[in-house]
Number of protein chains: 2
Amino acid sequence: MLAQLGAHAAELFAQRIARLDLTPAQAGLLRLLDREPGRSQRQLAEILGMPPSRFVPFADGLEARGLLERRKNPSDRRLYALFLTEEGAELLSRLRGEAAAHEKQFCAALAPSEHQQLTALLRRLAQQQGLRPGIHPGYRSMRTSSTPTAGRPAPDEPRV
Amino acid sequence: MLAQLGAHAAELFAQRIARLDLTPAQAGLLRLLDREPGRSQRQLAEILGMPPSRFVPFADGLEARGLLERRKNPSDRRLYALFLTEEGAELLSRLRGEAAAHEKQFCAALAPSEHQQLTALLRRLAQQQGLRPGIHPGYRSMRTSSTPTAGRPAPDEPRV
DNA sequence: TATTGTTATACTCTATAACTATA
DNA sequence: TATAGTTATAGAGTATAACAATA
């Protein structure tokens, strides 16, 4: 049930941030760049659990939109250091607003005290499982572009 | 966090049932056949949210292993009715044992009363979200064969 | 020689759409 | 003509491995 709910919450969140033209993976990278600015692409790719060859076009898309910036490291010119641009930081702030709204809506059935209870229980589980506070679900196989792959079959398919 | 934990739980569960040579999607179909025996392939595919063309080889694999059975409907010979075989029912029972063990291990950090609390809260959320008690995370894009796609990079990649 | 970023290739997987049999 | 099951094909997406530049 936890897995089912988690997948459902992730799906709703993906729909919500699609209005910002972002995928969950892109949102994760923005957050990561905010927490750990100046990392190399290699490091970021490893943190996200994706091969470097996939990270390159992934970052390309966000760079082309002016959300992140590649700066050459002068002491080791093989390395790029990645940073959020001002525009990227702005989008991240809007993203956080959406995340808060998402959580509020998703937990609307719970009283505030229950919401706190749930959060505390989940946090304990996450700690025991050794999960980092950052978000690392399954970035190894997550959509890195928001292109709907041409005619998609409507977001709300009959599922019974 | 819920999404992250859910994905993690699903991953651990997938590793666990890989010992039974089952993927989460296959496990879901076995459970579904147990709850709703005799449905047509079309119906099952729709319930799982996958296109019929994908369902066919998906069911083929389980049929070849003798876990499910296709029976022709005599009144409408276009239709198949799918049932668990005895062997399939046996495997499902072992699967349920694994699921229980998985939940126990995953929630080991919680006292029994907390475990109950968590379950109750999640159930409330699931009801409000209109999720069916059956398991429907994201079968539309889930591994339907347990072939590891040749050399996989080790199940526990560095993820930081 | 080792490492970073990048590109190319080969491969897997998927959905769309055709096809056959039955209604 | 419409529907169930099946198969074929074309396209997207991925990882592996090669590559150039720098250390």
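Below, chains carry the letters A, B, ... as their sequence lines are ordered, and counting in each starts from 1. These numbers were taken from a predicted model, which means no experiment stands behind them.
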Quick one: [X] [atom1] to [N] [atom2], roughly how many Å, whole number?
X	N	atom1	atom2	value
B/L44	D/dA4	CG	P	12 Å
B/M50	C/dC13	CE	P	14 Å
B/F58	D/dG5	CZ	P	15 Å
B/E63	D/dT6	CD	C1'	13 Å

At a cut-off of 3.5 Å, list every protein nitrogen or oxygen paired with a nitrogen or oxygen from nucleotides 3-6 of chain C, distance to 0.1 Å.
{"from": "C/dT3", "atom 1": "O4'", "to": "A/R78", "atom 2": "NH1", "distance (Å)": "3.4"}
{"from": "C/dT3", "atom 1": "O2", "to": "A/R78", "atom 2": "NH1", "distance (Å)": "2.8"}
{"from": "C/dG5", "atom 1": "OP1", "to": "A/Q41", "atom 2": "N", "distance (Å)": "3.1"}
{"from": "C/dG5", "atom 1": "OP1", "to": "A/Y80", "atom 2": "N", "distance (Å)": "3.3"}
{"from": "C/dG5", "atom 1": "OP2", "to": "A/R42", "atom 2": "N", "distance (Å)": "2.7"}
{"from": "C/dG5", "atom 1": "N7", "to": "A/R42", "atom 2": "NH1", "distance (Å)": "2.7"}
{"from": "C/dT6", "atom 1": "OP2", "to": "A/Q41", "atom 2": "OE1", "distance (Å)": "3.3"}
{"from": "C/dT6", "atom 1": "OP2", "to": "A/Q41", "atom 2": "NE2", "distance (Å)": "2.8"}
{"from": "C/dT6", "atom 1": "OP2", "to": "A/R70", "atom 2": "NH2", "distance (Å)": "3.3"}

If you measure from the Lys or Arg side-chain nitrogens to the Asp or Glu carboxylate oxygens, is any gap between [X] and [Y] under 4.0 Å?
X	Y	answer
B/R70	B/D60	yes
B/R71	B/E69	yes
B/E63	B/R65	no

Can you give each donor-acceptor pair under 3.5 Å made by side-chain atoms of residues 75-83 of chain A, sequence neighbours left out, with the distance rounded to 0.1 Å?
{"from": "A/S75", "atom 1": "OG", "to": "A/N73", "atom 2": "OD1", "distance (Å)": "2.9"}
{"from": "A/D76", "atom 1": "OD1", "to": "A/R78", "atom 2": "N", "distance (Å)": "3.1"}
{"from": "A/D76", "atom 1": "OD1", "to": "A/R78", "atom 2": "NE", "distance (Å)": "3.2"}
{"from": "A/D76", "atom 1": "OD2", "to": "A/R78", "atom 2": "NH2", "distance (Å)": "3.1"}

Spatial distance of atom CG (A/L118) from atom CE (B/M1) [nearest 0.5 Å]: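 The distance works out to 7.5 Å.
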Short side-chain N/O contact from B/R77 to OP1 or OP2 of C/dA23, under 4.0 Å: yes
Pair listing, salt bridge (charged side-chain N to carboxylate O under 4.0 Å, His left out) test, anchored in residues 99-118 of chain A, at least two apart: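 Output for this query lists A/E114-B/R124.
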